[in-house]
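Numbers here are sequence positions counted from 1. Please read all numbers here as calculations on a predicted model, not as lab measurements.
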Amino acid sequence: MPTSAAAKATTAADDDSQSRSIAAVERAMDVLLYFGRSGQPDLGVTEIATALGLTKAAVHRILTALRSRELITVDPVTRRYALGHAAVALGRAYLARTDLRAMAAPELRALAEQTGETATLSLRRGDTRLYVDQVVPDQELRMEVTLGIPYPLHAGGSSKAFLAFLPEAEVESYLERHPLQAVTDKTITDPAKLRKELAAIRRRGYATSLGERQAGAASIAAPVFDHDGHVVAVLSVAGPAARFKPDQGDSAQQLTAAAARISEQLGYAG
């Protein structure tokens, strides 16, 4: 039976209404996501409108709707807007289900392929750190690490990358509690020398080691930060010292870029 003109008009109107609704939701999501990537604690209507190419009236309507769901809050004095309790709850829910090993796995594979050396992921456990994952390249001469074995925070590239980015008070507390015992004859055991080394690591953004934890091994390591700026993991690339030179080639750039991508997924704004 032929469709009537009235029915066609109704269908077209419904489609148009649905399209407008979808566009409105997309604009609202754009506004909400802009709070996450702006790097500022609060924003004004004009700033948001300019950044997203929207009218101030449209932004105000969106903010009002987001406030009604506690995704956005407003300071009654400054009239500036910030993320609300519901948005924070969403972020926490995401972080609660975050598996760092799964998140880091693609980066480890890429690093091993790019460098031709072993890529590892370490997590901290108290005053120690341990390897929790690795990707080993297809090379006859290669490095392999033992997963799950705790190592002190002063010995080796991954350990120093953790220690360097802890709060100063935690570093000093570690040095007070733990004599800097040698793991190899290259391990830094002088507190003053270690403090100087940690400062250098913070400046350049990564740590290196030449046999400090394992004789004959060389490594480069970079920190991964969470949304609060705390170091929660360390990525490293390691190989035989006879072949792998941590400060040569593109290893540092490739490693720090990989660590930065994981940090961004964890909400770190840098």
Side-chain angles (χ1 to χ4, degrees), residues 16-100 103-104 123-124 161-174 198-199 201-206 222-235 256-270:
D16 185 54
S17 176
Q18 185 177 23
S19 296
R20 288 197 299 271
S21 296
I22 292 172
V25 171
E26 289 175 341
R27 286 194 296 271
M29 288 191 295
D30 286 342
V31 170
L32 188 59
L33 291 171
Y34 184 64
F35 278 89
R37 67 173 186 268
S38 71
Q40 299 182 54
D42 53 33
L43 295 167
V45 171
T46 301
E47 293 171 71
I48 300 169
T50 301
L52 299 179
L54 300 172
T55 66
K56 289 194 286 186
V59 170
H60 191 270
R61 286 196 300 272
I62 290 169
L63 291 172
T64 299
L66 294 174
R67 282 182 62 201
S68 72
R69 295 294 187 270
E70 296 186 334
L71 289 163
I72 294 294
T73 186
V74 63
D75 187 308
V77 177
T78 64
R79 302 304 300 171
R80 291 179 68 79
Y81 296 81
L83 290 175
H85 298 298
V88 174
L90 287 174
R92 286 176 177 162
Y94 167 74
L95 292 173
R97 61 180 295 274
T98 297
D99 183 340
L100 264 172
M103 188 178 288
L123 298 180
R124 181 185 172 197
F162 269 114
L163 197 59
F165 292 95
L166 292 177
E168 185 177 351
E170 286 193 48
V171 174
E172 292 305 315
S173 178
Y174 177 85
L198 298 179
I201 292 168
R202 286 190 289 271
R203 285 194 300 271
R204 65 176 178 255
Y206 61 88
V224 172
F225 299 103
D226 68 7
H227 61 293
D228 288 325
H230 299 143
V231 56
V232 293
V234 166
L235 295 185
T256 54
R261 285 190 291 270
I262 299 174
S263 297
E264 185 177 2
Q265 291 182 66
L266 292 173
Y268 179 61

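- Here T73 contributes atom OG1 and D42 contributes atom CG; the two are 10.5 Å apart, rounded to the nearest 0.5 Å.
- Ring-centre distance between F165 and F225: below the 6.0 Å cut-off.
- A donor-acceptor pair under 3.5 Å is formed between the side chain of R204 and the backbone N or O of Y206.
- Put simply, the side chain of R67 never gets that close to the backbone of I72: no donor and acceptor are under 3.5 Å apart.
- Distance check: L198 CG to L166 CG gives 9.0 Å after rounding to the nearest 0.5 Å.
- With values rounded to the nearest 0.5 angstrom, T64 atom OG1 is found 12.5 Å from R69 atom CZ.
- Contact check for V31 versus L52: side-chain heavy atoms found under the 4.5 Å cut-off.
- Remark: M103 CE to S263 OG distance equals 10.0 Å, nearest 0.5 Å.
- Side-chain contact between I262 and L100: present, with at least one pair of heavy atoms (C-beta onward) separated by less than 4.5 Å.
- For residues 49-60, there are no side-chain hydrogen bond (donor to acceptor under 3.5 Å, both in side chains) pairs, not counting sequence neighbours.
- Residues forming a side chain to side chain donor-acceptor pair (under 3.5 Å) with E172 (at least two apart in sequence, or on another chain): R195.
- Separation of atoms CZ (F35) and CG (L66) is listed at 8.0 Å; rounding is to 0.5 Å.
- Here the closest heavy-atom approach between residue A259 and residue L235 is recorded as N-CD1, 3.7 Å.
- A side-chain donor-acceptor contact under 3.5 Å links D226 to the backbone of H230.
- Proximity of L63 to V74: side-chain heavy atoms (C-beta onward) are nowhere separated by under 4.5 Å.
- Separating the CZ atom in R27 from the CG atom in L32 is a distance of 15.0 Å, to the nearest 0.5 Å.
- Residues A222 and T256 share a closest heavy-atom pair of CB-CG2, 4.2 Å.
- For E47, the CD atom sits in a packed shell: over 12 heavy atoms of surrounding residues, nucleotides or ligands are nearer than 6.0 Å.
- Residues L123 and V234 form no side-chain contact, since every pair of their non-hydrogen atoms from C-beta on lies 4.5 Å or further apart.
- Considering only residues two or more places apart in sequence or on other chains, E70 meets the side chain to side chain donor-acceptor pair (under 3.5 Å) condition with none of them.
- Contact check on E170 versus R124 returns a salt bridge, with a Lys/Arg side-chain nitrogen under 4.0 Å from an Asp/Glu carboxylate oxygen.
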